[in-house]
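Report on the following structure.
Computed from a predicted model, the values in this text were never measured in an experiment. For the single chain, residues carry numbers from 1 onward in sequence order.
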Amino acid sequence: MIAQEMAPTTNEEQGLPLPTADMSGDDLFRLGMMYSSGQGGCPMDRVSAHMIFNLAAMKGSVEARVYRREMSAEMEQDEICEAQKAARRWIDAGVVKLAA
């Protein structure tokens, strides 16, 4: 399964690196890079990468905004919508806390 399909749980339960509440924008950016390139135990998955870049951008990562925009240019509109909905699920579940 890929990150955006997973119910927000702990990393240990799934065996994949997943966003956590204590991750900074830079940490999330690095995680998004792992999903965009298929490194660090992550499957290569544009939707998950976009979702994580979106979370990182909301936490202040300027680099994530750039990469999210570049990924969007390579994705279908339905993939982008899926990534945005997945980011909202992670936020709503409280796994990723946004700065006020």
Side-chain angles (χ1 to χ4, degrees):
M1 292 185 104
I2 45 185
Q4 88 275 359
E5 293 175 331
M6 294 182 182
T9 58
T10 64
N11 292 354
E12 296 81 29
E13 291 176 17
Q14 298 298 332
L16 287 175
L18 299 173
T20 62
D22 62 335
M23 289 180 134
S24 68
D26 291 336
D27 293 335
L28 288 164
F29 170 72
R30 285 188 288 278
L31 182 59
M33 290 298 294
M34 290 167 54
Y35 275 92
S36 71
S37 62
Q39 296 180 1
C42 299
M44 188 169 153
D45 177 47
R46 295 185 308 186
V47 175
S48 292
H50 188 287
M51 174 199 75
I52 297 167
F53 286 146
N54 197 25
L55 297 172
M58 286 188 264
K59 286 189 113 176
S61 172
V62 175
E63 291 172 303
R65 291 179 186 165
V66 172
Y67 278 81
R68 180 185 59 193
R69 184 174 37 246
E70 289 177 4
M71 291 209 77
S72 293
E74 300 172 6
M75 297 169 70
E76 299 293 327
Q77 188 61 37
D78 62 327
E79 291 176 306
I80 296 168
C81 289
E82 182 181 347
Q84 291 171 335
K85 288 177 187 177
R88 175 53 55 197
R89 285 193 300 274
W90 282 90
I91 293 165
D92 290 347
V95 174
V96 175
K97 306 268 192 257
L98 300 180

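Residues P19 and L31 approach most closely at N-CD2, 3.6 Å, considering heavy atoms. Heavy-atom minimum distance, S37 versus M44: C-CG, 4.2 Å. Between G40 and P17, the closest heavy-atom pair is O-CG, 3.6 Å. Among all heavy-atom pairs drawn from S61 and G25, the shortest one is CB-O, 3.6 Å.
Side-chain contact check for M33 versus F53: some heavy-atom pair is nearer than 4.5 Å. Taking 4.5 Å as the limit, every side-chain heavy atom of L55 sits out of range of all side-chain heavy atoms of M23. Looking at heavy atoms from C-beta onward, S36 lies out of side-chain contact with I52 at the 4.5 angstrom threshold.
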Can you give me every donor-acceptor pair (side chain of residues 65-76, partner residue at least two apart or in another chain, under 3.5 Å) with its distance?
{"from": "R68", "atom 1": "NH1", "to": "N54", "atom 2": "OD1", "distance (Å)": "2.7"}
{"from": "S72", "atom 1": "OG", "to": "H50", "atom 2": "NE2", "distance (Å)": "3.0"}
{"from": "S72", "atom 1": "OG", "to": "R68", "atom 2": "O", "distance (Å)": "2.9"}

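With sequence neighbours left out, D78 forms a side-chain hydrogen bond (donor to acceptor under 3.5 Å, both in side chains) with no residue at all.
Although no hydrogens or angles enter the test, the distance criterion places no donor-acceptor pair under 3.5 Å between the side chain of Y35 and the main chain of V47.
Using a 3.5 Å distance cut-off with no hydrogens or angles, the side chains of S24 and D26 do not pair a donor with an acceptor.
To the nearest 0.5 Å, atom CD of residue E63 and atom CG of residue L28 are 12.5 Å apart.
A salt bridge does not link R89 with D92: none of the charged nitrogens is closer than 4.0 Å to a carboxylate oxygen.
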